[in-house]
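The model shown is predicted, which means the values in this text are computed figures rather than measured ones. Note: hydrogens, waters and symmetry copies are ignored here, and every other heavy atom, side chains too, is used.
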Amino acid sequence: MAVFGAGTIGLLSAYSALIRGARVVYCVDGVDARLDKAGEIGAVPIDFRRGDPVEQIRDDRARAGLPLGEEKLGGTDKVVDAVGFQARDRELPDRERPDQVISDAARLVNPAGAIAVAGVYPDKDLHPGPGATAHEDLVAPWGTLFGKGVAVRFGRTHDRRYTRLLRDLVVSGRARPGVIVTHHGSLADAPDLYQRFDRREDGVIKAVLHP
């Protein structure tokens, strides 16, 4: 499995996959603190600043050796987009490219695999970044996805459906979601913590506020 984005959602996606028995989970990001946290939870960190993340993952799978019968399937069976429309263009990192991750995912996913899009894609961007507009249509490589027979799902999960299951996993010690928490603070600290989180500064990934 591969997860694009090592923020809170991406890290918990990777962690969940490992709990469910994924043989290997790759976590793609470009922030050192997030990559370090991905490695801490047991995922393989992939730094897109060092080159095409799809090729990095394919190279790693080739070095590690593929399971019997997968000689021609060098991608991953599942891909999670935990980045959304604010993804950065690989060629011009200072510019946004909303379709960057979905394009990477289409290239990486194995035939008959699945892509889950958890990253946000709103109808309108109230604060478009450089190279972006307020109204953007997501351009997806539908031909590639169709040719591979890939299942694509968007949106949030049905949280209430999993509440008891997740509670039991935490109580039993099987799951430790607190592993991704990096900072603690009071309600008065919230604006500063969120600002640092939004700017990817000081290693703020997940902050817990104590009233």
Legend entry - Test log, rule side-chain contact (heavy atoms from CB on, under 4.5 Å), inputs Tyr26 and Arg61: CA-CA 10 Å; Tyr26 297 96; Arg61 284 182 52 73; 3.1 Å; yes
Inset, instruction - Mind running side-chain contact (heavy atoms from CB on, under 4.5 Å) on Ile57 and Val44 for me, showing each step along the way? - result: CA-CA 9 Å; Ile57 292 172; Val44 178; over 6 Å; no
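One hydrophobic cluster, built from ILVMFWY side chains closer than 4.5 Å, cannot hold both Leu12 and Leu35; they sit in different ones. Under the 4.5 Å side-chain heavy-atom criterion for Ile, Leu, Val, Met, Phe, Trp and Tyr, Val83 and Leu11 are members of distinct hydrophobic clusters.
Residues meeting the side-chain hydrogen bond (donor to acceptor under 3.5 Å, both in side chains) test with Asp59, sequence neighbours left out: none. Contacts of Arg90 classified as side-chain hydrogen bond (donor to acceptor under 3.5 Å, both in side chains), with partners at least two apart in sequence or in another chain: Asp104. Under the side chain to side chain contact (heavy atoms under 4.5 Å, CB included) criterion, Arg174 pairs with Ile19, Leu169, Ser172, sequence neighbours left out. For Pro141, the side chain to side chain contact (heavy atoms under 4.5 Å, CB included) criterion is met by Ile102, Ser103, Ala106, Thr144, not counting sequence neighbours. With sequence neighbours left out, Asp189 forms a side-chain hydrogen bond (donor to acceptor under 3.5 Å, both in side chains) with Ser186.
Taken from OG1 in Thr163 to CG in Asp168, the straight-line distance is 11.0 Å, to the nearest 0.5 Å.
Val171 shares a hydrophobic cluster with no other residue; no ILVMFWY side chain has heavy atoms under 4.5 Å from its own. Grouping Ile, Leu, Val, Met, Phe, Trp and Tyr residues whose side-chain heavy atoms lie under 4.5 Å apart, directly or via other members, leaves Leu92 alone, with no other cluster members. Hydrophobic clustering, defined by side-chain heavy atoms of Ile, Leu, Val, Met, Phe, Trp and Tyr closer than 4.5 Å, leaves Ile9 isolated from every other such residue. Other residues sharing a hydrophobic cluster with Leu18 under the 4.5 Å side-chain heavy-atom criterion for ILVMFWY residues are Met1, Val3, Val25, Val80.
Within the structure, side chain to side chain donor-acceptor pair (under 3.5 Å) contacts touching residues 46-56 (residues at least two apart or in different chains) are Asp32-Arg49, Asp47-Arg49, Asp52-Arg107. Listed by first then second residue, pairs satisfying side chain to side chain donor-acceptor pair (under 3.5 Å) with a partner in residues 6-21 number zero, not counting sequence neighbours.
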Please list, one pair per line, the donor and acceptor atoms closer than 3.5 Å that link side chains of residues 196-211 to other protein atoms, with sequence neighbours excluded.
residue: Arg196; atom: NE; partner: Asp192; partner atom: OD2; Å: 3.1
residue: Arg196; atom: NH2; partner: Asp192; partner atom: OD2; Å: 3.1
residue: Arg200; atom: NH1; partner: Asp198; partner atom: O; Å: 3.0
residue: His210; atom: NE2; partner: His184; partner atom: ND1; Å: 2.8

